[in-house]
**Q** 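Starting off with a structure, shown below.
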Amino acid sequence: MLCSLGMTLAPSNAAARSLGPGTYANPVCNQWDCADPTVERGPDGRFYLVSSGGWGKQSVDMVNWTDGYGKMESMPTWNGYEGLWAPDVTRIGDKYVMYYAHSQWMGDLWDKCGVGVAISDNIAGPYKDLGKLFTSREIGVYNSIDPNLFIEDDGRLFLAWGSYWGGLYIIELSSDGLSIKPGAQKVQLTAPDFEGCMLHKHNGYYYLFASCGTCCEENKSTYTTVVGRATSLFGPYYDRAGGRMLDGKYHVVISNNRYFKGTGHNAEINTDDAGNNRIYYHAYEEKSPGTGRILMMDRVRWEDDWPVINNGFPADCQVPAPYIRDYAADPAITAPRLCWHDGYYYLFGQAQQASSSGKTTTNTVVGRSATITGPYVDGMGNRLLDGYFHTVMAGNAYFYDPSNLSPILTDDAGDEWVIYNAVQASASHTYPVMLLDRVRWQDGWPRISDGYPSYYPTRAPLIR
């Protein structure tokens, strides 16, 4: 049972400010090899990167990177080789878990190649190696490399990985992510010739990002970032023309241009504080390929529920930078709505955030507390009193400025819904609308639609 209480907070007239630059140009880091990056945002608001070899960096604005993160207590040696490739870092419960590939270039890709796992209490490390999760022979996939963890909406954990020689696969893990779930069976997702996989969910679809081509031949590299889409996590994944990735088909997302070569092995999609998706990947810079694979970043837009990155090539000029909130300067939450659910009080409200283009938008945000008087915190434990909050819903291409939530309403099936205001955009004009979306709860936090106003047909509330 969820109830609503009215409260009044004084609005702030402070202007929202960003920690980062107004524009940037690729590469965002050209210091030695940033191959096969993984990027995760930490509880301190910073972004943390680890790449092949265990190189670690951090950034406050997604653009400028400094060294010093992700160190291992000791490098893996369980296959007779010291080192790691293609790490993938994710928070699971109160731990940070790093999956990594442990292999040798063109070595024994059955018994001395596989996926390992390491853990840390802190996103910045150090990470303790727990050894192998599986070898190629144990899992039955030749050249098992490039792991990527995907967390389903219900909290179940799945590991995708893959082999240029054998295709990409997925299997369910235990609840702590440190072993394969007993009885779980691997499922093949693609034909051979794919590697560097990354799974992402958007508007009810699953997206399998991967890389094709040659990865490591400097300016001769043909690495290309591709994607397929499915209605099930286990596929089949299709390209835009309806071809299956199981048959070797794909849709190209990022390919080479005259400035950058070998554009592939993307990290998970990150989101800036304006709600814009950002994707990191590696490439060689044509003018200095000897530097190694450098770090690139581009914005992801969604058109007809397909990811679009520029015109299919890396940005090669100055472009708007991500917006990262300066928590000390941003305005407080306004239009509050206090609710109670399953032992917690939730303070919903709206906060203005400036996009990278300079436009100010209004997003729906929330904080949680065990007592009605607070302190209310975001999902990382940071206090709303210090300017932090958890964004529940941001605008999309169809509706923007979602705000002014109603009390949460329950239909006769026991499902929860919320009514709110937004602005609808059309080709010729904009106009205010009232919207309805379902509220779900995951790990004690509300999810409204997929984090954006729904714009496709969905089930209506049940009213007897």
**Q** Would one find more than 12 heavy atoms of other residues, nucleotides or ligands at under 6.0 Å from atom OH of Y344?
**A** no

**Q** With side chains defined as the heavy atoms from C-beta onward, is the minimum distance between F158 and V187 less than 4.5 Å?
**A** no

**Q** How about Y452 and W302: are their ring centroids closer than 6.0 Å?
**A** no

**Q** What distance do N143 atom CG and D108 atom CG have between them, rounded to the nearest 0.5 Å?
**A** 11.0 Å

**Q** Describe, in one word, how the ring planes of Y223 and H282 are oriented to each other, choosing from parallel (under 30°), tilted (30 to 60°) and perpendicular (over 60°).
**A** parallel

**Q** Do the ring planes of H200 and H202 sit parallel (below 30°), tilted (30 to 60°) or perpendicular (above 60°)?
**A** parallel

**Q** Look up atom CG in N277 and atom CD1 in I309, then write down how far apart they are to the nearest 0.5 Å.
**A** 10.0 Å

**Q** How long is the span from the CD1 atom in I324 to the CZ atom in F47, to the nearest 0.5 Å?
**A** 4.0 Å

**Q** What is the ring orientation for F348 with Y346, classed by angle as parallel under 30°, tilted 30 to 60°, or perpendicular over 60°?
**A** tilted

**Q** Could R278 and D298 be called an ion pair, given the rule that one side-chain N must be under 4.0 Å from one carboxylate O?
**A** no

**Q** Look at atom OH of Y281 and say whether more than 12 heavy atoms of other residues, nucleotides or ligands are closer to it than 6.0 Å.
**A** yes

**Q** Does any donor atom in the side chain of E268 or T38 lie under 3.5 Å from an acceptor atom in the other side chain?
**A** yes

**Q** Give the C-alpha distance, both sets of side-chain angles, the deciding distance and a yes or no for side-chain hydrogen bond (donor to acceptor under 3.5 Å, both in side chains) between W85 and D36.
**A** CA-CA 7 Å; W85 295 355; D36 314 325; over 6 Å; no

**Q** Within the 3.5 Å criterion, strictly below it, is a donor on D61 or S59 matched to an acceptor on the partner's side chain?
**A** yes

**Q** Hey, what do you get for CG (D305) to OH (Y456), rounding to the nearest 0.5 Å?
**A** 8.0 Å

**Q** Kindly give the heavy-atom pair with the smallest separation between Q350 and T362, and that separation in Å.
**A** CB-CG2, 3.7 Å

**Q** Count the heavy atoms of every other residue, nucleotide or ligand shown that sit under 6.0 Å from CG of D443, and state whether that count exceeds 12.
**A** no

**Q** Is it the case that the side chains of S221 and T214 hold a donor-acceptor pair, with the cut-off being a distance below 3.5 Å and no angle test?
**A** no

**Q** For the residue pair I419 and L436, what are the closest heavy atoms and their distance?
**A** CG1-CD1, 3.8 Å

**Q** Would you please classify the geometry between the W161 ring and the F134 ring as parallel, tilted or perpendicular, with 30° and 60° separating the classes?
**A** tilted

**Q** Quick one: does V89's side chain get under 4.5 Å of Y127's, heavy atoms only?
**A** yes

**Q** Can we call the ring centroids of Y280 and W65 under 6.0 Å apart?
**A** yes

**Q** So, S406 side chain and V418 main chain: donor-acceptor pair closer than 3.5 Å or not?
**A** no

**Q** May I ask you to test the W417-V439 pair for a side-chain heavy-atom distance under 4.5 Å?
**A** no

**Q** Just how far is it from atom CG of D146 to atom OH of Y99, taken to the nearest 0.5 Å?
**A** 15.5 Å

**Q** Measuring only between side-chain heavy atoms, which start at C-beta, is T90 closer than 4.5 Å to V97?
**A** no

**Q** Please tell me if the side chains of M198 and I269 come closer than 4.5 Å, counting only heavy atoms from C-beta onward.
**A** yes

**Q** About how many Å separate OH of Y284 and NZ of K261, when rounded to the nearest 0.5 Å?
**A** 13.5 Å

**Q** Ion pair present between D153 and R440, side-chain N to carboxylate O less than 4.0 angstrom?
**A** no

**Q** Indicate yes or no: at least one non-hydrogen side-chain atom of P27 is less than 4.5 angstrom from one of E285.
**A** yes

**Q** Could you go step by step and tell me if S174 and D176 meet the side-chain hydrogen bond (donor to acceptor under 3.5 Å, both in side chains) rule?
**A** CA-CA 5 Å; S174 59; D176 62 6; 2.6 Å; yes

**Q** Counting only heavy atoms not in R301, do more than 12 fall under 6.0 Å of its CZ?
**A** no

**Q** Here's a test for you: under side-chain contact (heavy atoms from CB on, under 4.5 Å), which of V252, V253, I254 qualifies with T224?
**A** V252

**Q** Is it the case that atom CH2 in W165 sees more than 12 heavy atoms from other parts of the structure closer than 6.0 Å?
**A** no

**Q** Distance only, no hydrogens: is a donor on one side chain within 3.5 Å (strictly under) of an acceptor on the other, for S454 and S449?
**A** no

**Q** How about NZ on K201, more than 12 heavy atoms from neighbouring residues, nucleotides or ligands closer than 6.0 Å, or not?
**A** yes

**Q** Should the pair K249-D247 be classified as a salt bridge under the 4.0 Å nitrogen-to-oxygen rule?
**A** no

